[in-house]
Participant: 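Before we start, here is the structure in question, set down as structure tokens.
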Amino acid sequence: MKIIHTIAEMQAASDVFRIEGKRIAFVPTMGFLHQGHLSLMEKGREKADILIASIFVNPAQFGPNEDLDTYPRAMESDLEKCKEVGVDIVFTPTNDQIYPQGYETYVELEKLPHHLCGLSRPVFFKGITTVVTKLFHIVKPHIAIFGEKDFQQLAIIKRMVRDLNMEVEVLGGALVREEDGLAMSSRNAYLTDDQRKEGLRLFQSLCKAKEMVQAGESNPKAICDMAKIHISKAHEAQIDYISICDPDTLNEVDAITGPTLMALAVMMGKTRLIDNMVLIP
Ligand code: PAF
């Protein structure tokens with residue numbers, strides 16, 4: 001496994017793979033890898049000749065009061081994990097490589113970011129679409145894989161790729177849960193034992209919501225109320241949003257009839273947890 005730190009070297013390596021007719025799969029990450037990331041890499045391994053992962057904690061997607069400085073980092077063990085899963089190249093640029101002095105170009109969508117996480121994290125998706133665009137130009141993948149846990153991110157990247165005619169096939173990878181159902185996330189490392197236990201209320205609410213829909217409930221308010229009550233029982237929980245929405249537009253639905261997604265974000269103490277489930281595919 002090769003580790004590349006510079007944009008020029010990464011672009012040159014990808015050019016060679018492309019000239020040789022090899023297909024490149026790419027999994028961008030911010031590191032502190034868990035099974036959720038590794039499952040995306042396994043998917044990439046199956047789908048292409050060359051698997052490239054990036055590890056870069058992207059400052060542009062953190063707001064001024066967010067956890068950029070404390071975001072968990074574990075480069076050594078991340079590299080071990082990448083090697084085990086069969087990554088060919090890990091691209092780990094510095095901030096200065098990605099955002100050199102004088103940097104001023106951003107990529108922004110008009111609608112999809114103004115829902116769910118984008119409402120309380122105004123710079124988040126602009127930072128993501130910008131860095132992903134840059135990474136696509138640097139890594140030059142044929143396929144890129146993003147986790148369905150970050151459902152809104154995946155929807156936004158797919159929209160951006162369509163809108164800007166980027167020649168990258170974007171695939172989703174299934175959300176991976178701990179044995180008890182907590183959605184895997186690098187930020188779970190911040191949770192105390194109590195918060196970790198209370199964090200299960202998100203998954204429990206989603207499961208209950210699905211049961212309600214399967215039993216014939218079509219009123220989103222009834223389901224949101226159930227989730228609100230269940231999650232609020234955790235004394236450190238502050239609900240950011242509970243949304244029952246159209247999975248394509250992310251607009252909230254008035255009735256659960258067609259394809260429907262339920263998405264949640266909750267601050268558990270200082271840690272932001274998100275989760276989602278498709279209620280009707
Ligand atoms: O999902 C993530 O880890 C990040 O948002 C991404 C896609 C690597 C961009 O920084």
Side-chain angles (χ1 to χ4, degrees), residues 4 7 10 25-41 43-44 51-63 66-75 78-79 81-82 85 87 89-95 97-99 103 105-109 112-113 115-118 120-139 141 143-161 164 166 168-176 183-190 263 265 271-276:
I4 294 183
I7 292 173
M10 185 66 253
F26 176 44
V27 179
T29 81
M30 298 209 299
F32 211 71
L33 303 177
H34 50 68
Q35 192 49 44
H37 299 109
L38 302 183
S39 71
L40 305 180
M41 293 176 190
K43 187 163 180 168
L51 175 58
I52 301 177
S54 62
I55 300 178
F56 177 63
V57 181
N58 174 32
Q61 70 189 71
F62 289 79
E66 294 183 351
D67 56 344
L68 172 62
D69 294 338
T70 54
Y71 194 83
R73 289 160 169 91
M75 189 55 85
D78 283 351
L79 293 176
K81 288 174 186 167
C82 287
V85 91
V87 171
I89 296 181
V90 179
F91 176 54
T92 63
T94 59
N95 283 351
Q97 281 276 311
I98 300 294
Y99 301 112
Y103 188 88
T105 305
Y106 292 86
V107 179
E108 211 169 353
L109 278 70
L112 282 176
H115 297 273
L116 309 179
C117 292
S120 56
R121 305 188 72 189
V123 301
F124 184 48
F125 289 112
K126 178 178 166 186
I128 289 173
T129 41
T130 299
V131 83
V132 169
T133 300
K134 286 177 68 76
L135 290 168
F136 283 178
H137 284 126
I138 297 164
V139 173
I143 301 169
I145 307 160
F146 294 82
E148 287 169 359
K149 165 160 178 284
D150 299 301
F151 193 96
Q152 187 175 14
Q153 168 171 278
L154 176 60
I156 285 174
I157 303 284
K158 282 186 172 164
R159 182 81 257 165
M160 173 183 85
V161 162
L164 297 182
M166 294 177 174
V168 181
E169 185 187 356
V170 176
L171 300 178
L175 190 159
V176 180
M184 284 195 185
S185 163
S186 304
R187 288 193 170 95
N188 290 351
Y190 299 143
T271 305
R272 195 163 194 282
L273 300 179
I274 61 169
D275 204 341
N276 70 75

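Both ligands and their constituent atoms are indexed starting at 1 by order of listing. Keep in mind it's a predicted model, so treat the numbers as computed, not measured. This chain uses plain numbering: 1 for the first residue, then up along the sequence.
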Participant: Atom NZ of K134 and atom CD1 of I7: how far apart are they, to the nearest 0.5 Å?
Facilitator: 5.5 Å
Participant: Using modelled atom types and a 3.5 Å cut-off, is there a donor and acceptor pairing between side-chain atoms of S39 and backbone atoms of G36?
Facilitator: yes
Participant: What's the spacing between I274 CD1 and C117 SG if we round to 0.5 Å?
Facilitator: 4.5 Å
Participant: Distances under 3.5 Å, N/O of ligand 1 against N/O of the protein: list each pair and its distance.
Facilitator:
unit_1: ligand 1; atom_1: 1 (O); unit_2: Q153; atom_2: OE1; d: 3.4
unit_1: ligand 1; atom_1: 1 (O); unit_2: Q153; atom_2: NE2; d: 2.9
unit_1: ligand 1; atom_1: 5 (O); unit_2: Q61; atom_2: NE2; d: 3.0
unit_1: ligand 1; atom_1: 5 (O); unit_2: Q153; atom_2: OE1; d: 2.7
unit_1: ligand 1; atom_1: 10 (O); unit_2: Q61; atom_2: OE1; d: 2.6

Participant: Would you please classify the geometry between the Y103 ring and the Y99 ring as parallel, tilted or perpendicular, with 30° and 60° separating the classes?
Facilitator: perpendicular
Participant: Look at D67 together with R187 and state whether they make a salt bridge at an N to O cut-off of under 4.0 Å.
Facilitator: yes
Participant: Measure centre to centre between the rings of F62 and Y71, then say whether the value is under 6.0 Å.
Facilitator: yes
